[in-house]
Amino acid sequence: MPVDNQPVVVRNDQIYRETKWLALFILPFLIVAFVLLFIWPDRTDKTFAWTILPSMTPMMLASAYIGGVYFFTGVILAKQWHHIKVGFLPVTAFASILGVATMLHWDRFNHSHVSFFAWTALYFTAPFLVAVIWLRNRVTDPGLNDPQDVNIPVGWRGVMGVVGVITILISGLLFLRPDSMIAVWPWQLSPLTARVVSAMFVLPGLVGLGIAVDSRWSSSRLILQSQAFSIIFILIGAVRAWDDFNQSSPASYLFMGGLALLLIGIVAVHLFMESLLHRSEGT
């Protein structure tokens, strides 16, 4: 029986209004930052919160932002919580790392630039806001499949989980041991940009773990599409900034090849799962 004066939670997969308000709050920051960093990656000294060199790093950060634009647009349009739930903890970790990196490297920022105020406003609030929204809205998930849904095979989820763990380990090294990672990274990093890149690795890492835990294809579709969208832009940025890479280092080709394989894997999973879904709808 419900306890007196305690609200009864209805597990109806509802997305609360504040979840969509949060998406509306975050979207403009992501769109503007993407334009500034991807279109003009060599002008961050004049347009951004701090000067980011070389141009590959701002374009990689911009690629994470455009993936976020895709995801949070999906949040606004979604009708069921479990369709978007997997993305919230990765976003929380991403924003948290950038907030901590900002405090650790406070002197590197342009404190008089409007972009700095936007950056701090976002990363000093978003980790808490996204986490609170996730905690509040997660209770509406009934844990059931959609009427027309399929489950991701356990082997595929296991692979995603392993890739997620490896990616999180790389993220941890970039954040905790930036000097060691700078020595082997494909392009030039500073301690600050190493920690920024750490945030960009923790995000897909936690996505992989989230998919490994929740087998419903309907829970994974949007966040996988967002990740594919982000990787496409990272690869475009890498082609544009190829001169920034140490082309004599195997790490450069490992980075490019690994991203390409990851993109191919995501597309393959998406096509396979959609074909399963269409077959189930026809039965």
field: Carboxylate-amine/guanidinium contact Arg216 Asp146, below 4.0 Å
entry: no
task: Working to the nearest 0.5 Å, report the span between CZ of Phe201 and CG of Leu206.
output: 13.5 Å
field: Min side-chain heavy-atom separation Phe72-Val91 under 4.5 Å
entry: yes
message: Applying side chain to side chain donor-acceptor pair (under 3.5 Å) as the test, list every pair that has at least one member in residues 57-76; sequence neighbours left out.
response: Thr57-Trp187, Tyr65-Tyr123, Tyr70-Gln225
statement: Which of Trp106, Phe124, Phe29, Phe48 passes ring-ring contact (aromatic ring centres under 6.0 Å, His included) with Trp119? It is Phe48
Phe229 CZ to Leu263 CG distance, which is reported to the nearest 0.5 Å: 12.0 Å
Sequence-distant partners of Asn12, side-chain contact (heavy atoms from CB on, under 4.5 Å), two or more places apart: Val10, Gln14, Thr140
- prompt: Given side chains that start at C-beta, do those of Ile15 and Lys20 come closer than 4.5 Å, heavy atoms only?
  reply: yes
- prompt: Are any non-hydrogen side-chain atoms of Pro153 and Met273 less than 4.5 angstrom apart?
  reply: yes
message: With heavy-atom distances below 4.5 Å as the criterion, would you say the side chains of Trp217 and Asn151 are in contact?
response: no
message: Do Lys46 and Trp40 have side chains that approach each other closer than 4.5 Å (heavy atoms only, starting at C-beta)?
response: no
field: Non-hydrogen side-chain atoms of Ser218 and Asp149 separated by less than 4.5 Å
entry: yes
query: Is it true that Asp141 and Arg11 have a side-chain N and a carboxylate O under 4.0 angstrom from each other?
result: no
message: Other residues, nucleotides and ligands only: do more than 12 of their heavy atoms fall within 6.0 Å of CZ on Arg240?
response: yes
message: Holding to ring-ring contact (aromatic ring centres under 6.0 Å, His included), I want the full list of residues that pass it with Tyr253, two or more places apart in sequence or in another chain.
response: Trp242
Minimum side-chain heavy-atom gap Pro191-Asp179 below 4.5 Å: yes
